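Scroll down for the structure; my scribbles are underneath it.
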Amino acid sequence: PAPGMESLPEAVLIRILAALPAVELVLVCRLVCCQWKNLVDGAALWILKCQQEGLTRAEADADNWQNFYFLSKRRKNLIKNPCGEEDLEHWGEVENGGDGWKIEELPGDFGKEFPSEEVHKYFVTSYEWCRKAQLIDLRAEGYWEELMDTTQPKIMVRDW
């Protein structure tokens, strides 16, 4: 029989595994054999994936490189439509007092350039109480229970 994957040097196997999507590594590749499980659970594979994607240790304390990789990939604003680019889409429980919610183009009444280049519109409220809410499902955003319980990652939400 021809030699199999188990005959590859570990460094070569790590390079091959690093080309796969991270979710597949954790959910599928770990189950192949003990060697693959050890590689997926080890730091070398995740350090390589971080290097390939430009994630540096300076960005966080990387005691667990796998957690660091997944948390870095999730470091984003979890609010959908935070600055009104889609009007009030994704916002539930909208309450309008006075003249209600308005969405302005920058610079608008704000009067100067905004601190973020990605923001081209922003929400404006009326002279009376206005409210909007959004429910964020952390599991749907890729945060699993063990990660939330043990690592307790910082969650970022930002509304303009």
Side-chain angles (χ1 to χ4, degrees), residues 13-97 100-106 108 110 114-126 128-160:
L13 188 53
I14 287 173
R15 288 216 173 263
I16 293 169
L17 291 172
L20 297 173
V23 173
E24 296 297 317
L25 290 171
V26 174
L27 298 179
V28 179
C29 295
R30 285 183 85 245
L31 306 176
V32 171
C33 64
C34 288
Q35 180 190 20
W36 284 31
K37 180 185 182 308
N38 291 335
L39 291 176
V40 171
D41 289 346
L45 172 64
W46 298 101
I47 290 170
L48 179 59
K49 283 194 78 63
C50 287
Q51 288 171 344
Q52 289 173 341
E53 298 187 31
L55 306 172
T56 61
R57 189 180 182 132
E59 294 179 33
D61 181 21
D63 289 337
N64 182 323
W65 282 94
Q66 183 179 359
N67 279 353
F68 172 72
Y69 176 85
F70 279 104
L71 290 175
S72 295
K73 298 301 283 181
R74 281 160 180 67
R75 191 175 295 147
K76 64 178 183 174
N77 186 4
L78 295 177
I79 291 181
K80 292 175 177 52
N81 187 26
C83 55
E85 294 290 335
E86 303 170 52
D87 294 316
L88 286 166
E89 184 74 25
H90 305 291
W91 290 96
E93 300 182 33
V94 176
E95 290 182 15
N96 292 303
W101 285 99
K102 185 169 112 176
I103 297 164
E104 291 188 355
E105 299 272 342
L106 283 171
F110 187 70
F114 214 64
S116 174
E117 290 182 15
E118 299 93 43
V119 177
H120 304 287
K121 295 182 178 184
Y122 62 101
F123 292 108
V124 179
T125 60
S126 181
E128 286 187 21
W129 183 257
C130 293
R131 186 175 75 87
K132 60 186 172 46
Q134 194 171 122
L135 179 64
I136 299 170
D137 182 348
L138 293 176
R139 281 194 204 130
E141 293 293 335
Y143 292 83
W144 58 96
E145 287 183 30
E146 181 185 354
L147 178 71
M148 290 188 282
D149 289 342
T150 58
T151 307
Q152 297 179 355
K154 293 178 182 174
I155 305 296
M156 182 173 64
V157 290
R158 193 177 295 161
D159 175 18
W160 297 106

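Keep in mind it's a predicted model, so treat the numbers as computed, not measured.
- By the 6.0 Å contact criterion, CZ on Arg131 is enclosed, its count of non-hydrogen atoms from other residues, nucleotides or ligands being greater than 12.
- Under the rule for a salt bridge (Lys or Arg N to Asp or Glu O under 4.0 Å), Glu89 has no partner lying at least two apart in sequence or in another chain.
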Practice item. Any chance you could lay out the side chain to side chain contact (heavy atoms under 4.5 Å, CB included) test for Trp101 and Val124, step after step, and finish with the verdict? Key: CA-CA 6 Å; Trp101 285 99; Val124 179; over 6 Å; no

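- A distance of 10.5 Å separates CD in Gln66 from SG in Cys50, rounded to the nearest 0.5 Å.
- Between Trp65 and Ala43, the shortest heavy-atom contact is CD1-CB, 3.9 Å.
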Contacts table for residues 23-34: side-chain donor-acceptor under 3.5 angstrom, sequence neighbours left out:
from  : atom 1 : to    : atom 2 : distance (Å)
Arg30 : NE     : Asp41 : OD1    : 2.7
Arg30 : NH2    : Asp41 : OD1    : 3.2
Arg30 : NH2    : Asp41 : OD2    : 2.8

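- Side chains of Leu48 and Leu17 form no contact here, defined as non-hydrogen atoms less than 4.5 Å apart.
- Across Ser126 and Gly97, no two heavy atoms sit closer than the pair CB-O, 3.2 Å.
- In plain terms, the two heavy atoms of Leu45 and Ile14 that are nearest each other are CD1-O, 3.6 Å.
- What you find for Trp91 and Lys80 is that their closest heavy atoms are NE1-O, 3.9 Å.
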Practice item. Kindly determine whether Ile103 and Tyr122 satisfy side chain to side chain contact (heavy atoms under 4.5 Å, CB included), including the steps that lead there. Key: CA-CA 6 Å; Ile103 297 164; Tyr122 62 101; over 6 Å; no

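- Distance check, rounded to the nearest 0.5 Å: NZ of Lys121 to CG of Asp87 gives 6.0 Å.
- Shown here for Gln52 and Ala18, the closest heavy-atom pair between the two residues is OE1-O, 3.5 Å.
- Closest heavy-atom contact between Glu86 and Asn81: N-OD1, 3.1 Å.
- In this structure, CG in Asn96 is found 10.5 Å from OG1 in Thr125, a value given to the nearest 0.5 Å.
- For the ring pair (Phe, Tyr, Trp, His ring centres under 6.0 Å) test, no residue two or more places apart in sequence or in another chain qualifies with Trp36.
- For the pair Tyr69 and Glu53, the minimum side-chain heavy-atom distance is below 4.5 Å.
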